[in-house]
A.B. asks: 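Got a structure here, written out as structure tokens. Questions coming.
Here is the naming used below: chain letters follow the sequence lines, and residue numbers restart at 1 for every chain. From a predicted model like this one, the values you see are computed outputs, not experimental measurements.
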Amino acid sequence: MAKELWKGNEAIAEAAIKAGCRFFFGYPITPQNEIPEYMSLRMPQVDGCFLQAESEVAAINMVYGAAGAGARVMTSSSSPGISLKQEGITYCAGAELPCVIVNIVRGGPGLGGIQPAQSDYFQATKGGGHGDYRLIVLAPASVQEAVDLVQQAFDMADQYRNPVMVMGDGMIGQMMEPVEFTEVEKRPLPEKTWATTGTKGERQTNVINSLFIDPAECEKHNHRLYEKYKAIENNETRVEKYNLDGAEIVFVAYGTTARIVKNAISALEKEGIKAGMIRPITLWPYPYKAIEEAAGLDSVKAFMAVEMSMGQMVEDVRLAAAGKKPVHFYGRTGGMVPTPKAVVEQAKMILGGVK
Amino acid sequence: MAKELWKGNEAIAEAAIKAGCRFFFGYPITPQNEIPEYMSLRMPQVDGCFLQAESEVAAINMVYGAAGAGARVMTSSSSPGISLKQEGITYCAGAELPCVIVNIVRGGPGLGGIQPAQSDYFQATKGGGHGDYRLIVLAPASVQEAVDLVQQAFDMADQYRNPVMVMGDGMIGQMMEPVEFTEVEKRPLPEKTWATTGTKGERQTNVINSLFIDPAECEKHNHRLYEKYKAIENNETRVEKYNLDGAEIVFVAYGTTARIVKNAISALEKEGIKAGMIRPITLWPYPYKAIEEAAGLDSVKAFMAVEMSMGQMVEDVRLAAAGKKPVHFYGRTGGMVPTPKAVVEQAKMILGGVK
Amino acid sequence: MAVIFDKTKGLTDKTFHYCPGCTHGIIHRLVAEVMEELNLLDKAIGVAPVGCAVFAYDYFNCDMQEAAHGRAPAVATGIKRVHPESAVFTYQGDGDLASIGAAEIVHAAMRGEKFTTIFVNNAIYGMTGGQMAPTTLVGQKATTAPLGRDENHAGLPLRVSEMLATIPKAVFVERVSVHDVKHIIQAKKAIKKAFQAQMAGKGFTLVEVLSTCPTNWGKTPLESLKWLEENMIPYYPLGNYRSPEEVR
Amino acid sequence: MAVIFDKTKGLTDKTFHYCPGCTHGIIHRLVAEVMEELNLLDKAIGVAPVGCAVFAYDYFNCDMQEAAHGRAPAVATGIKRVHPESAVFTYQGDGDLASIGAAEIVHAAMRGEKFTTIFVNNAIYGMTGGQMAPTTLVGQKATTAPLGRDENHAGLPLRVSEMLATIPKAVFVERVSVHDVKHIIQAKKAIKKAFQAQMAGKGFTLVEVLSTCPTNWGKTPLESLKWLEENMIPYYPLGNYRSPEEVR
Amino acid sequence: MTHEIIMAGFGGQGVMAMGKILAEAALMEGKNVSWLPSYGPEMRGGTANCNVIISEDPVGAPVVTEATAAIVMNRPSLDKFEKDVVPGGTLIINSSLIDKKATREDIKVYYVPANDIANELGNGRIANMVMLGAYLATSKATKEDTIMEIITEIFKDKKASVIPLNKEALLKGADCVK
Amino acid sequence: MTHEIIMAGFGGQGVMAMGKILAEAALMEGKNVSWLPSYGPEMRGGTANCNVIISEDPVGAPVVTEATAAIVMNRPSLDKFEKDVVPGGTLIINSSLIDKKATREDIKVYYVPANDIANELGNGRIANMVMLGAYLATSKATKEDTIMEIITEIFKDKKASVIPLNKEALLKGADCVK
Amino acid sequence: MAAKVIFDENRCKGCELCTTACPVKIVVMDKDRINVKGYHPATVKEMDKCIGCASCARICPDVVIKIEKEK
Amino acid sequence: MAAKVIFDENRCKGCELCTTACPVKIVVMDKDRINVKGYHPATVKEMDKCIGCASCARICPDVVIKIEKEK
Ligand SMILES: Cc1ncc(C[n+]2csc(CCOP(=O)(O)OP(=O)(O)O)c2C)c(N)n1
Ligand SMILES: Cc1ncc(C[n+]2csc(CCOP(=O)(O)OP(=O)(O)O)c2C)c(N)n1
Ligand code: SF4
Ligand code: SF4
Ligand code: SF4
Ligand code: SF4
Ligand code: SF4
Ligand code: SF4
Ligand SMILES: [Mg+2]
Ligand SMILES: [Mg+2]
């Protein structure tokens with residue numbers, strides 16, 4: 001298949017359908033409206049079901065019901081809507097329901113703005129909802145990668161019985177890029193014997209639940225979850241290492257910000273400064289090891305996290321660098337996008353400072 | 001005034017009233033029901049208003065309205081309810097509305113259980129809602145401290161125009177302890193000239209808002225917020241340092257867990273092991289410096305974070321220790337409470353390991 | 001000897017955790033009996049609420065999901081859209097359905113979601129210990145209305161069936177009670193009709209069941225039945241508010 | 001020369017950001033005129049929604065709060081409880097009020113919160129670009145109902161006024177339209193009565209205003225007025241659904 | 001000395017009140033004290049229990065996991081809490097309702113027919129005071145007089161008549177462990 | 001060479017479509033490409049703009065902050081984007097609607113009376129194609145033929161009649177900058 | 001046509017609802033016994049009077065009662 | 001009794017609503033001019049026919065119109 005120009009949001013929707021997603025429950029919010037809109041047209045064509053929920057709260061709970069009933073199901077929203085979904089998200093995690101949640105992040109806090117941002121990192125990776133739980137969080141840097149990751153997201157969700165969040169920013173959602181829909185590698189996936197499908201008289205009843213009124217049981221459940229999370233950490237951590245060889249400064253950036261940083265790296269190269277980048281593709285599990293290793297490289301003088309936020313992922317960079325190398329931060333927020341030029345300037349300042 | 005036995009939840013409610021809180025909007029959830037129940041009785045007596053909202057979502061938005069209108073206002077809930085409030089909380093932070101939010105934490109994720117837990121740490125301190133924002137988060141370790149901190153919480157909220165969260169666990173809410181209601185030191189507080197009270201023909205109109213459709217303005221707003229947060233970090237960080245002198249191991253624990261750790265420290269002392277503790281009283285701003293300093297002490301071989309979670313605050317300990325000393329973790333979760341004995345055993349294992 | 005009354009297969013053997021005399025138990029049995037009689041157990045998927053009936057998933061002998069507080073209609077929507085042939089029901093209290101879940105029930109009704117809601121109105125928050133519900137009567141005491149509900153402060157109790165009956169796709173709406181045997185038999189009939197209308201694909205169906213909470217009403221089980229009859233029924237008139245031709 | 005019509009002091013000088021011919025602007029003006037005429041501007045506190053009217057805080061010449069999507073009734077509740085003497089109103093679209101905020105409006109009505117809601121029903125999500133609203137008519141196209149609303153899939157449009165009129169403390173409920181001058185005058189009368197009932201402390205008051213969205217209906221402003229008249233009014237009958245003695 | 005007490009029984013047996021009275025008395029005597037109830041509605045009609053800690057030093061964890069004494073009013077409570085008593089600690093068993101014996105030998109065990117005594121006194125509902133009397137006699141955690149002061153305070157207006165009855169119950173309880 | 005283009009104008013002027021056609025053509029020629037629109041409803045009737053990047057190398061940031069060319073269809077767009085053109089870059093101004101001149105001297109500026117030409121051609125709505133023709137002539141970002149292929153594809157079923165008109169517009173635009 | 005009322009006694013919570021439902025008033029609480037739950041269970045003393053109407057079973061919230069009837 | 005219709009022309013968005021509301025049909029769009037917003041503004045060509053009914057002002061969504069009348 002030749003490459004075609006696709007708008008990010010629509011490509012994400014089509015990728016979900018290609019991955020077998022047949023249920024979508026959502027609620028309008030800029031800048032992700034093209035996802036539900038596309039779904040409303042396409043789902044009936046593939047005998048699936050698109051439903052506009054009365055709210056984001058209802059949408060995530062419809063996802064809970066459909067996922068519990070064994071379907072491949074997705075919802076999408078943007079920051080304020082994702083905040084509203086927090087209770088439902090921890091319910092999905094607690095009841096171990098596979099589903100895919102897309103967050104096309106916009107500026108905050110509060111009503112904020114509608115331009116691209118990455119300020120929902122903490123919420124996505126540390127736990128916006130209550131209790132101990134984890135989402136798998138995928139951060140595509142291009143429309144093509146969004147398409148690939150969305151397809152894998154459904155498999156990951158099913159393999160681990162865990163919600164997967166695909167986190168992009170307004171740019172990923174709105175821009176058009178060439179895309180090729182290639183089949184993602186199939187994983188062997190467990191059968192959903194646990195789903196509520198009606199017993200059909202063929203099995204014991206199934207129950208979808210996250211209530212464990214006996215604290216000892218509740219703790220056991222948590223431990224079970226954390227064993228699963230450990231496995232996910234081992235199997236699914238993904239990262240792009242770029243230009244690390246001999247790099248004096250290592251940028252850490254994800255999503256579209258990483259592309260800006262790539263431009264900056266080229267610009268620095270022209271000025272004779274070697275810079276590299278670590279691009280987390282999974283925000284959780286976070287590629288701590290890649291950063292730890294880079295921190296051990298002799299050439300590396302400093303890290304610089306670049307984010308569209310006031311500084312969130314930078315904490316994970318610090319955790320990974322563990323004091324071995326200084327970790328700097330440069331960010332724009334509220335819908336402002338860093339420019340390669342500014343990144344270059346910051347980097348030069350830092351290297352000046354370190355030298 | 002002599003000390004009286006007070007149940008934590010009721011003491012928190014009474015403290016709020018003593019601090020001039022006259023509006024309370026809440027929704028029932030175990031284990032904090034005594035707060036709204038007490039308020040429903042007391043508020044009319046002090047010409048205040050208690051209202052049971054239709055949901056936690058409504059409750060936090062009533063708080064938004066009342067805070068915007070210039071009142072001292074509080075809401076309380078427990079974990080799932082706090083998850084539902086995330087959108088409202090980031091709106092309050094974004095619109096800079098002073099208010100107090102109590103979270104009497106229970107086990108999660110999902111419906112979880114109703115026993116004490118500390119697994120909402122990330123949500124409270126890093127940002128359960130979207131966007132860049134901070135809550136001031138206070139973690140009392142006794143009913144008396146809860147009473148004192150709740151009263152200060154209202155002043156902090158008003159001084160910085162920021163929501164303050166008081167985070168306890170089921171134990172703090174449910175236990176009775178001797179309490180003395182002493183006046184907290186009065187701060188000079190700015191007048192609420194920004195509140196929507198009706199202009200009375202005496203001033204320009206006031207607007208409460210968190211929307212900044214121009215990203216440059218939105219960013220500027222964020223920068224303003226972060227200047228404020230910086231001031232809060234400088235002025236309000238609170239920590240109890242306990243027994244650090246000559247300590248081989250330094251526990252880091254907050255809330256009731258810190259009391260359990262104190263018992264463990266006494267037990268270790270009897271076995272000739274010197275242990276100390278850093279107890280964050282403000283979870284945000286976090287007392288990084290106290291830990292950093294302790295990491296610099298020669299006697300200290302290791303840190304051990306003790307939490308009623310699968311390990312959340314421990315990340316902040318690691319950030320502060322920055323690789324200077326190893327940071328260990330011991331936690332129970334899902335409503336299980338660590339015992340002093342287990343803490344002692346863990347500590348001995350660690351020290352054995354370090355030696 | 002012929003068995004003329006026995007525990008329905010629609011219930012598991014687990015003993016209910018409900019307080020002595022709490023009519024939640026009766027309502028559970030009625031729903032289970034109806035499902036057995038209509039041969040729906042094999043294709044039934046129930047949704048438990050957050051409320052005293054939170055453990056309903058342990059009692060109904062069919063597939064079950066436990067929903068977040070108030071969101072059972074959304075969960076049921078998700079389920080039924082995935083399995084349109086199945087028999088889906090939610091079992092919800094008045095706090096769950098009429099307070100936090102008001103938007104979800106209104107919209108399930110508006111969309112005409114093809115499931116059945118059993119709405120247990122006991123005029124109180126049972127599970128959390130007796131707080132005021134939207135359906136708490138004026139003057140009735142609750143832990144968050146210690147002097148009794150004051151209509152000037154907290155408004156008048158919500159009549160859910162009347163409200164939902166204004167929604168065209170809420171095709172079956174009936175209010176029943178379980179305070180005596182006669183009414184229990186009527187209640188079961190209504191529940192049966194609701195499931196039948198659901199299976200006929202008519203639209204959204206709801207049975208509001210007036211129920212007791214001896215514990216939080218501070219009354220004995222027998223006093224509670226009487227109180228229900230004398231206080232709740234006058235404000236919440238029993239009867240059918242909507243039903244499609246087929247099940248009349 | 002006598003000025004017989006001029007811009008009300010209830011509005012600021014800021015130019016509306018609404019699309020050409022969008023009747024949001026008319027409704028703004030009516031509300032502002034009523035507040036001026038009743039001498040309420042000094043004690044008015046308005047609540048803006050999330051919807052096309054999100055910037056209402058820039059237009060009304062009184063204290064304003066911007067609420068989260070759908071939560072204006074909760075925000076207004078908080079405000080009015082703090083300032084019972086003030087005149088509080090919410091201005092909400094159909095997505096805001098009838099979809100995400102359905103629970104909040106029902107409960108403000110149940111409690112009889114003493115504020116006035118201006119409910120702008122344009123049968124579409126304007127701000128986000130034309131998605132289906134709970135009030136979108138059957139067959140009407142929307143970006144999330146590309147083939148038109150299908151009642152079997154998405155149900156029948158919600159008649160909010162009729163639903164809320166079942167709630168006793170919703171003391172004033174009227175549906176009006178602004179598609180021509182005659183109706184604009186009637187609409188203003190209804191808004192005035194609602195504010196009067198509010199100030200008399202009667203309870204919750206709501207005026208549903210049928211409004212156009214030329215942009216997302218894909219019609220000219222003039223076509224839109226006609227479409228409203230011919231399509232919306234038959235499904236959403238104009239008229240008073242509840243009003244207290246005093247303002248009849 | 002620090003007293004760490006578990007009190008447990010059926011819902012209606014007054015274990016919460018017993019714990020509160022003890023805690024109030026200890027506070028009146030100037031001691032540090034905490035009272036922590038079990039909570040949650042899931043176990044209606046099941047067991048209710050509370051933890052009371054009385055100490056000269058500030059109270060650490062309010063949870064009692066190593067009890068200096070356990071007062072058990074019904075069978076499930078005995079089964080649940082016997083193991084939590086520290087060696088050398090005290091276990092007081094309501095023998096009116098519990099026909100089983102304690103299994104541990106490293107603790108002091110007392111059998112108090114609390115319901116029988118309460119019924120004899122003409123009020124079955126003060127079995128808890130009988131148990132409390134027994135506990136005070138074994139532990140001296142607070143003075144009996146202080147307890148009576150608290151009780152007098154509680155009942156002074158509405159039900160002053162029951163004050164002597166409570167005293168009687170405390171004494172009878174104490175007698176059982178002498 | 002990497003082309004980084006800003007296209008801007010009023011809502012109805014077809015700047016988004018112009019950007020998409022250019023991007024499609026570049027893709028057809030095997031180049032790397034991205035198209036990023038401004039979005040959000042807050043500016044109804046205000047300016048709309050898009051960023052197109054065409055490059056032999058993978059596209060970095062899809063945001064154009066240093067434009068090799070800016071195509072401005074109305075006055076506010078000129079005011080907003082003139083400063084974003086890199087020195088030596090190109091600025092194409094729709095002189096039919098913009099009476100102001102460019103202020104910069106370090107860039108190449110072309111004035112194209114796009115609406116006048118479009119009106120002459122009998123269809124005011126193809127002013128955008130006139131501008132695109134001008135841009136292609138100055139930049140050679142894609143071949144005009146490829147653009148025509150895309151246009152033919154778009155209109156082939158429904159409005160094949162407008163295809164020659166579009167070609168005409170492209171050519172007239174190109175003429176303006178020769 | 002004699003009927004038999006069988007109590008799954010250990011499920012009984014002594015709520016007494018069944019006692020009011022019986023048209024012939026033969027269901028009573030057995031004050032002499034306590035079941036495993038600690039309640040006085042309901043019982044029928046004069047079984048021969050039972051008309052097998054199942055009212056007791058229909059009102060029992062805890063599914064304690066089973067009714068058999070001779071054919 | 002002549003009335004005057006004054007347009008705050010730069011607020012006008014050319015929506016034409018006022019043109020339909022005028023009972024004497026004197027409000028028209030000025031196709032010859034464009035205001036700062038880029039719209040053809042509404043205007044009254046035969047002011048003397050105006051009866052000062054304010055219908056145009058009442059329907060204008062953008063508060064463009066002011067009406068004065070001789071006493
Ligand atoms: C989000 C959330 N809010 C609140 C609660 C606490 N909660 C549990 S049950 C309940 C009310 C139950 O009342 P009702 O629905 O009337 O059921 P009943 O117990 O009376 O049968 C509440 C508020 C919760 N679990 N989750
Ligand atoms: C929590 C949340 N969900 C969704 C949105 C996005 N959103 C903004 S306006 C709107 C709908 C507006 O429609 P309506 O209320 O009918 O007002 P209109 O624009 O038609 O006047 C939505 C869904 C949001 N801002 N916040
Ligand atoms: S609390 Fe009330 S509703 Fe809940 S089980 Fe007990 S009696 Fe029934
Ligand atoms: S989008 Fe519709 S509702 Fe919004 S301003 Fe434009 S016409 Fe009015
Ligand atoms: S079956 Fe009828 S007659 Fe027999 S005991 Fe039960 S209620 Fe009484
Ligand atoms: S109704 Fe059932 S639970 Fe109640 S007393 Fe009778 S048999 Fe026992
Ligand atoms: S005031 Fe009346 S008559 Fe005069 S222009 Fe306006 S609508 Fe026409
Ligand atoms: S109604 Fe107002 S905005 Fe519309 S054309 Fe007339 S004057 Fe202009
Ligand atoms: Mg209830
Ligand atoms: Mg609308």
A.B. asks: I'd like to check C:E104 versus A:V57 (side-chain heavy atoms, cut-off strictly below 4.5 Å). Are they in contact?
C.D. replies: yes

A.B. asks: Checking the side chain of A:Y64 only, and the main-chain atoms of C:E66 only, is there a donor and an acceptor separated by less than 3.5 Å?
C.D. replies: yes

A.B. asks: Based on non-hydrogen pairs under 4.5 Å, which of A:V207, A:N206, A:V73 is most in contact with chain C?
C.D. replies: A:N206

A.B. asks: Using a strict 4.0 Å threshold on nitrogen-to-oxygen distance, state whether A:R203 and C:D63 make a salt bridge.
C.D. replies: yes

A.B. asks: Please indicate whether C:K189 has more than 12 foreign heavy atoms, meaning atoms of other residues, nucleotides or ligands, lying under 6.0 Å from its NZ.
C.D. replies: no

A.B. asks: What heavy-atom pair brings C:A74 and A:A58 nearest, and what distance separates the two atoms?
C.D. replies: CB-O, 3.6 Å

A.B. asks: Identify which of C:K43, C:R71, C:K80 forms the greatest number of heavy-atom pairs closer than 4.5 Å to chain A.
C.D. replies: C:R71

A.B. asks: Which one wins on heavy-atom pair count under 4.5 Å against chain A: C:I45, C:T12, C:V54, C:V88?
C.D. replies: C:I45

A.B. asks: Taking side chain as everything from C-beta outward and backbone as N, CA, C, O, which of these in A:F23 sits under 4.5 Å from a heavy atom of chain C? Side chain, backbone, both or neither.
C.D. replies: side chain

A.B. asks: Non-hydrogen atoms of chain C under 4.5 Å away: do they reach the side chain of A:A95, the backbone, both or neither?
C.D. replies: neither

A.B. asks: Can you find a heavy atom in the side chain of A:T205 that is under 4.5 Å from one in the side chain of C:F60?
C.D. replies: no

A.B. asks: Given a strict heavy-atom distance threshold of 4.5 Å, which part of C:D58 is in contact with chain A: side chain, backbone, both, or neither?
C.D. replies: neither

A.B. asks: Which bit of C:V50 comes within less than 4.5 Å of chain A, counting heavy atoms only: side chain, backbone, both or neither?
C.D. replies: side chain

A.B. asks: Taking the side chain as C-beta and beyond, is there a heavy-atom pair between A:L51 and C:E113 under 4.5 Å?
C.D. replies: yes

A.B. asks: Heavy-atom count around A:K228 NZ within 6.0 Å, excluding the residue itself: above 12?
C.D. replies: yes

A.B. asks: Specify the closest pair of heavy atoms between A:E87 and C:A68, including all atoms of both residues, with the distance to one decimal.
C.D. replies: OE1-CB, 3.8 Å

A.B. asks: Taking atom CD as the centre, does A:Q45 end up with more than 12 heavy-atom neighbours from other residues, nucleotides or ligands that are less than 6.0 angstrom away?
C.D. replies: yes

A.B. asks: If you look at every heavy atom in C:V82 and A:A66, which pair is closest and at what distance?
C.D. replies: CG2-CB, 3.6 Å

A.B. asks: Please identify, among A:A59, A:G65, A:G198, the residue contributing the most non-hydrogen atom pairs under 4.5 Å to chain C.
C.D. replies: A:G65

A.B. asks: What is the distance from atom CD of C:Q65 to atom CG of A:N209, rounded to the nearest 0.5 Å?
C.D. replies: 10.0 Å

A.B. asks: For the backbone of A:A69 and the side chain of C:H83, can you confirm whether one donor and one acceptor N or O come within less than 3.5 Å of each other?
C.D. replies: yes

A.B. asks: So which part of C:A67 gets closer than 4.5 Å to some heavy atom of chain A, the side chain, the backbone, both or neither?
C.D. replies: backbone

A.B. asks: Quick check on C:L41 against chain A: is it the side chain, the backbone, both or neither that has a heavy atom closer than 4.5 Å?
C.D. replies: backbone

